[in-house]
Each structure stands twice: as structure tokens, then as C-alpha cells.
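Inspection log for the structure reproduced underneath, given as C-alpha cells.
Every chain is numbered from 1, with letters handed out A, B, ... down the list of sequences.
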2 protein chains.
Amino acid sequence: MKTADPELMRAINRFHVMDAIRRFGPIARVEICDRTDLSATTVSAITGALLDDGLVITHQLGGIRDAARGRPRVLLDLNPDAAHVVGARIAPDRITIATTNFRADVRASLTLPVRVGRHSVPVAVDLIEDGIRRCVADAGLELSQISGVCVGIPGVVERGAGICRASPLFGERDIPLAAELTQRLDGVVATIDSDVNLVTLAEHWFGQARGLDDFLVVSVELGLGLGILHKGELFRGANGLGPDLGDLLARPPNGNGLVRLASIASEESLLSDARAALAGTEHEHAFRLGRGMEKVLERAKAGDPAIVALLRAAGEALGFAIANLIVLFAPPKVILAGPALAAGDALVAPLRETVAALLPPSLADVADLVVHEWTEDIWARGAAAMTLRDLYGAPWGTTGPAPHR
Amino acid sequence: MKTADPELMRAINRFHVMDAIRRFGPIARVEICDRTDLSATTVSAITGALLDDGLVITHQLGGIRDAARGRPRVLLDLNPDAAHVVGARIAPDRITIATTNFRADVRASLTLPVRVGRHSVPVAVDLIEDGIRRCVADAGLELSQISGVCVGIPGVVERGAGICRASPLFGERDIPLAAELTQRLDGVVATIDSDVNLVTLAEHWFGQARGLDDFLVVSVELGLGLGILHKGELFRGANGLGPDLGDLLARPPNGNGLVRLASIASEESLLSDARAALAGTEHEHAFRLGRGMEKVLERAKAGDPAIVALLRAAGEALGFAIANLIVLFAPPKVILAGPALAAGDALVAPLRETVAALLPPSLADVADLVVHEWTEDIWARGAAAMTLRDLYGAPWGTTGPAPHR
DNA sequence: CAGATTTATTCCGCATCATTTATTTAAGTG
DNA sequence: CACTTAAATAAATGATGCGGAATAAATCTG
């Protein structure tokens, strides 16, 4: 039970101020007053403390001052160098790592083309550790200057406990990855989270859902991911467990039995099904070269009936799941992404049709489905954002009490 | 954006104190300190204000004082007469209304055996208004003494706006029921909510989920309802829209197309399917008398293959939906209720099997499925609780500022 | 039975915090 | 040089929570 005391009060208001600066910065103090409904005195006190602590810098207004009369505003912004964090994302075929500054600008990044699933957990952790150390060095920093690390992993992750409950990458379950990494990184605090959660936060902070307090993110990668932002907070299950869209259930197109959605609509299942469908043709070769997805998209554009049917089935299964999620969450926006969606309509059109057909009239128009392609480093920026979010709310140096002098 | 000021601080702590008294009362101040982590001083100040306002009463410890030495504790409890509220529930075949005191003890209740769906909305509202006025009079109270009214309705309800978006009871959509009722009840504030939400709150306050912060409630009535308690709060969609389990989608047993879950597993669909299956037999008569559900359960116990198959299909469809909900919410408990479940295993066994079969290993043991029969007035108590919850958190007389003397 | 002990509750003084209301300083414009 | 807006600063007010001292009301002890 969280009781209220003056310290909590300050923490809340300081968070509001930092959030305003992050979202609207560079921003003048007056405007922070307007946006937060805090008094000028309070804003001045808080920003003063933030300046003392070096979390915020002033940014003299050099440019356009049209029709402004009195004393010019002093703009405040987050100090990019106030802290640095590392974000990483473990994908089935690569590990992407980025070091960012306090504003989540990428300072250095690297990608290790590793098939993580082929290695044991200790080896994978070795690789992550080495990658992080390298990436920190590339940014011209010492590990001790890093305020936090967040690693995104596909699957079911219990962030609070730092345990990876289940992942397509690892055979084992309940791996205490966060503790393991923290130990290896000389005590730099490492956290883990579901990879979709990272991209969800990234969309919220930097992307298509900026300022939107409710939306869903569906990622069609090798596995299927689901991120939910609900009332401005990442939604997690009862124990802080991230949900796994792939574990949702669907009936296969032939109508017999029930299967995990991941076995119809994930990239992995698409590839194996497509490979089977194209076996013996000239196209099969591409799969061996690891260019399967490109080939699938190419054949879809060419109108190959087997591939089109495959993508249609996947789209319908996803549409089914998304329709149900819309019933539950009524989100104004649903963001879809993943290589399989890049091709345009082969998968997306059946998906949209299915959603439209299945939604009850009362919910017909609430959700806007958009496809958003992600660049490589959005994952890492999300991971950085996840860490920064904690940092912004954390007690920091003298920022707790008011400044004496 | 909610900024923090001393008033908010007080409101938070006052809520904690009231919640402790509600949950554990009669309770001594010292124990409130333990349970809330507030200082003795603060608890004393807050309880003092609550006593002044008459929301709380002292309850001299008369009984067992085994091995207690020092100054005896003074037990505090909610003042049952501090306020009165009315809860109502509109079911397809009846309107149940209860007047309760501040502790949600039912002081008077009545049931109108009305088929609500047969009437127009204005007529239905007439009936509700008359019922509420009657029920208030039965409790020996004036309408002006009622602090709030909450009405539970099946379907999709937007509580904040007081609008019933869609309901099986009414053909119309977007009915501004709350405003209408408030106006008719001489300004007594009326709110509406999904009926399952009421029973979910009732389970949380009084029932099987007391003290549990995450659980699901699934009601199989004429329609299907879903209530979600997540982190101690009722879960609502983006606009405060309650989700409707019946709007979730399932594939029918024959595997063709997709249908609303309500058309497989609701009491309504069960009845009509069973009636069709038993057409021409001696059993058909029962349906005409409105005793269809009893007949269905009787035939199920007798092992009638058509009926057993029907219930199995319903159980499997529900199990499918519940398994998906468990994937999303990972609740430690799922409470099922409704007449159709009363029969024991014909429906519940396939449901449990389906859930067990479909859950991924990582979630296999998280959720405990229980069947809980509800008495008639649990709905009304839930409605009362919904109003009381607002009352507890509301600024109240002099309770806002500290007491002067 | 008077005083010691124990436990619950209240009172007092202190520190923090936000707010309001000036007052002052800064840095411009006209 | 007057005027305007931004911002920092100061002082006063009021609300809050907290820790420690004081008080209250019982039981225990000799």
C-alpha cells in the first residue's frame, strides 16, 4: 500500500515537470506552468533543482521571437549528457545493442548477427555482455557511466522479477536474466522486458502514438508480440507478466482443433509453410539462403495462389485475435509491424476485412489500424526509454528536498 | 494531468484508512497504523475527522481481552447509517433493487418480474424509477437521504459518460440512462455500469475474491458477461467502456466462419438450441413454461446426448475464451457463475478440460477456476459498493481540511 | 491499595511542500 | 525612457506527515 507523504508529492510533481520537458522541450518555465497546472514558484523550484543536478540545461532562445515583447523566455531541455543507458534487443537471428544519452538519442549501436537459439543461455549471456561492453566503449564511455541497461526478449517476461518465463529463443524456462546480467556488468542495473513492450514505449515516446494514452502494438516477427498501452501505462498481467500474442489461440483454417496463433501467423510458421508449398519449384532455393521472407513477398505479389492463401489465412487469424483485443481494450489505435506486413495487402487486406467483419457495431469505428515499419534502432530506443522512464521518476541527488542556500 | 498537493495527499491517506476500516473493521487505530504504514499521528488525525463527520463510529471493546495489559483499544467501524445508497440490476426477466446502508448491508430489496426487453426505454426507466422510489420507502428513508444510485445493465456500458452503448435489453444504442435517471430522481446522482462489473466488485469486497487484486469474473446469464479486476481496479477499455464477453469471437463447433461467443455459450443460445433438439419430445413443454433451463439441466444429468453435446460445445467455447483471457491477464483466480453452471460437470468439465489443454505451459497453473453461485442480492450489493467506493474517496464535509477546534 | 508497567491515543514542535502575493531583476520592445 | 513579459526571490499562509513527549486507561505488583 503506497501512502502519501511530502516526498511522494515532490516526486509526482517533479515527474510531471520532467515529463513536460521531455515531451515538449525545449520549453519555457511559463509553459510548464500552463501544461502542468503547477504554480510558477513550484516550477521554478523544481526546475532549479533539476538544473543544479544537471538533468536539465538551459537553451537560450536564439531564433524567432516574433511579436514577443518582455523578457525573453529561457527554454529548458533535458541534458543529453545527464546520463547514458544501454538498450538491447535479442532477436532470433541477431542481437542489437544501442547506447543512448538521456534523451534517448543513439550514441552508438551495433548488431551481432547471431542465431541466439543455437547457443546455450550462458553463451548467449556472454554475447550480450560483450556486446554491451563494446557498445559502451564505442560511445566513448565507461561502463561505470551507464545508469541502466534494459534488454528486450521475445516471449513471456516478468519484468519486476527480472525473469524470462518462456521464450522461443531458449529451451529453458524461468531464466533469471536480469540478475545474471547485473552481476556481469559490474553492478550496473540491468532489467529485462518483453521486446514488444519496448517498441510500444518507443511508439508512445517517439512514434506514431505520441501522446496517445491507449493503443495496441502487434508485431509479426519470427514470433508474435503484443504490446498494450492502457491509460498511459504499459499493461502487464497480474504478476507483471507481459502477455504473448503467440500464445493466444485460434482455430486453424481447416477448422480442426485449436492451435496457438503463432503457428498460423508468425513469420516462422509462414516461412515453413511457404517452403513446403514451394518445395520442388525454382523458388525453394531462396529459403536455404535465408531470404525466405523476401521470396514469400515476391510470390505473393506475383499472385502465387498457395502463398496468397497462406498469407490470407495468417491475416484472418491475426484479424480474429485483433478483433477480440479491440473488444477488450477499445483502443483508438492499433499499430502493426513486421517484415511480413511490408508486402502491402496480401496479409493486411484480409486482416482488415476480418477485423471489420467481426467487430460488433458498437465498436466498429473505434480503432484505427495502421502499419508502421520500424527501423532497426527503434527497439533499442525503446529499451533506453524504459530505463529512462525509471530514471526520471527516481530520486536523484539533491533533487529530493528543496535546495537550501 | 493530476498534480500533487497536500489535499491529494490527504485524500490518498484518508482513502487508505477508510479502506482498512471497511476491510478489517472493527479495527483499532494501532492496527490501522500497521496495515497502512501511516504514523499513529496521521491515523489519529484522519480517524478523528472521520468521527467528526460521522462516517465512522467507535465500538467499545466489550468482549474478550485476553492477556491484554495496557490501555484498551478503541475499535472503529464504518457508521452504517452514515449514508444510504441504492443498487439496481436490470436483467432480461426482472429488475432487482436494493437499498443499503454505508456498509452495503441490504436494508430493503424488491424484485419486479418484468421482461424489460418487451418495453420501450422510457417505460423501462419508468419502472426503474418507481422501483427505486418504492425500495427507498421500504427502507424507511426519503429519497433525499440517498447519496447515490447505481444501476447495472448487461451489455456495453460507458460508465463515465453514463451511457449504455449497447445492450441485449434494448434495441436502441447510446442511451443516456444515467442522466435520465438522475433527472427523474430529483437530482440524486445515478450512475450506470455493466452488471458484471458490479458482481466483480461484490466478489472483491464481500465474496470469494476478498483481498485478491487480480481476478476475472465470467457470468453465463442470458448474455455473457466479463468482469476484470486488475491491480485492485476494475478494468475498463479506453473510454471507460466495459468489455462484453459475448462480443468475443469463437469459431462454431462445425468450424465454419466465426460467430459471437454469445451465440454458442449464452443461456439464450443454449435454450433455443436445446428447444430445437428436444422438439417433438415430451420435454418440449417445459420450454413454453419458461422452465427451459431446468429441463436442460435435467436432460443433461439424464445423459441426453444432444443436450450433453450442446453443453460440451458451450463449455469448450467458453474454455477457449477463458484460456485466451488467462494468457492476457494471468489472473490467479477465475470465478464462473450463472444458472447454466449450476448443473455441475456437463458444461464445466469440458470448460476446464479446454482451458487446461489450451494454456501454454508457462501459464498452466496460474489460474484457479472456481464456480460461485450468486444469491439474488449480490448484484445489488455490488451496485451499492460501486457507489460507496466513490463516496469513500470523495471529499466529505469537513473531512477535507484538518479539524479545527 | 498505591505505585509501576504496559499499551493506545493524543498533543506539540518541526520540516516539507505548494500556493498566493508581492518585489526584484532581467532582457527585451517601442 | 517607459512599458512588457519572464523569471527568480522572499515572505506569509495553510495543509500535511512525522517523531517524540505527554496523557489516558487499563493491568500488574508488592
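Straight-line distance from the CZ atom of Arg73(B) to the P atom of dA26(D): 15 Å, rounded to whole Å. For Leu51(A) and dT9(D), the CG to P distance is 11 Å, given to the nearest whole Å. Rounded to a whole Å, the CG atom of Leu76(A) is 12 Å from the C1' atom of dA6(D). Atoms CD1 (Ile46(B)) and P (dT16(D)) sit 9 Å apart, rounded to a whole Å. Counting to the nearest Å, the C1' atom of dG17(D) and the NE2 atom of His16(B) are 15 Å from each other. In this structure, the CG atom of Leu75(A) is 14 Å from the C1' atom of dA27(C), given to the nearest Å. A straight line from CD1 of Ile12(B) to C1' of dC17(C) spans 14 Å, rounded to a whole angstrom. Between His59(B) atom NE2 and dA8(C) atom P there is a gap of 18 Å when expressed in whole angstrom units.
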Practice prompt. Could you check Leu198(B) against Cys150(B) for side chain to side chain contact (heavy atoms under 4.5 Å, CB included), going step by step and ending with a plain yes or no?
Written response: CA-CA 9 Å; Leu198(B) 304 187; Cys150(B) 182; 3.9 Å; yes
Worksheet entry | Evaluation steps, side chain to side chain contact (heavy atoms under 4.5 Å, CB included), between Asp193(B) and Arg236(B) | CA-CA 11 Å; Asp193(B) 209 325; Arg236(B) 299 169 202 277; 3.0 Å; yes
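Residue Glu142(B) places its CD atom among 12 or fewer non-hydrogen atoms of other residues, nucleotides or ligands, all under 6.0 Å distant.
Residue-to-nucleotide proximity on DNA chain C shows that, of Asp5(B) and Ala28(B), the 5′-proximal contact is made by Ala28(B). Toward the 5' end of DNA chain D, the nearer of the two residues Pro6(B) and Thr47(A), judged by each one's closest nucleotide, is Thr47(A).
When the local axes at the two ends of the helix from dC1(C)-dG30(D) to dG30(C)-dC1(D) are compared, using 5 base pairs at each end, they differ in direction by 20° after rounding to 10°.
In summary, Arg23(B) and Asp77(B) do not engage in a salt bridge, as defined by a charged side-chain N under 4.0 Å from a carboxylate O.
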Side-chain atoms of residues 38-45 of chain B: list all donor-acceptor pairs with protein atoms under 3.5 Å, sequence neighbours left out, distances to 0.1 Å.
from: Ser39(B); atom 1: OG; to: Thr42(B); atom 2: N; distance (Å): 3.2
from: Ser39(B); atom 1: OG; to: Thr42(B); atom 2: OG1; distance (Å): 3.0

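A close approach under 4.0 Å does not occur between any side-chain nitrogen or oxygen of Arg10(B) and OP1 or OP2 of dA15(D). The phosphate of dT23(D) has neither OP1 nor OP2 within less than 4.0 Å of any side-chain N or O from Arg71(B). Phosphate proximity of dA18(C) to Asn13(A): present, with a side-chain N or O under 4.0 Å from OP1 or OP2. Distances shorter than 4.0 Å separate none of the side-chain N or O atoms of Arg14(B) from OP1 or OP2 on dT16(D). Residue Arg29(B) places none of its side-chain N or O atoms closer than 4.0 Å to OP1 or OP2 of dA8(C).
Thr100(B) is linked by a side-chain hydrogen bond (donor to acceptor under 3.5 Å, both in side chains) to nothing, counting only residues two or more places apart in sequence or in another chain. Remark: Phe329(B) pairs with Phe235(A), Phe235(B) by the ring pair (Phe, Tyr, Trp, His ring centres under 6.0 Å) rule, at least two apart or across chains. Checked against side-chain hydrogen bond (donor to acceptor under 3.5 Å, both in side chains), Asp81(A) has no partners two or more places apart in sequence or in another chain.
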Atom pairs, protein N/O to nucleotides 20-23 of chain C N/O, distance under 3.5 Å:
from: dT20(C); atom 1: O4; to: Thr41(A); atom 2: OG1; distance (Å): 3.4

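Side-chain contact of His230(A) with Asp214(A): a donor-acceptor pair under 3.5 Å is present, judged by distance alone.
A cation-pi geometry, defined here as NZ or CZ lying under 6.0 Å from the six-membered ring centre and within 45° of its normal, does not hold between Arg210(A) and Trp205(A).
For Met9(A), counting side-chain heavy atoms from C-beta on, the closest listed nucleotide (dA18(C), dA7(D), dA25(D)) is dA18(C). Here the side chain of Pro72(B) is nearest to one of dA25(D), dA7(D), dA8(C), namely dA25(D).
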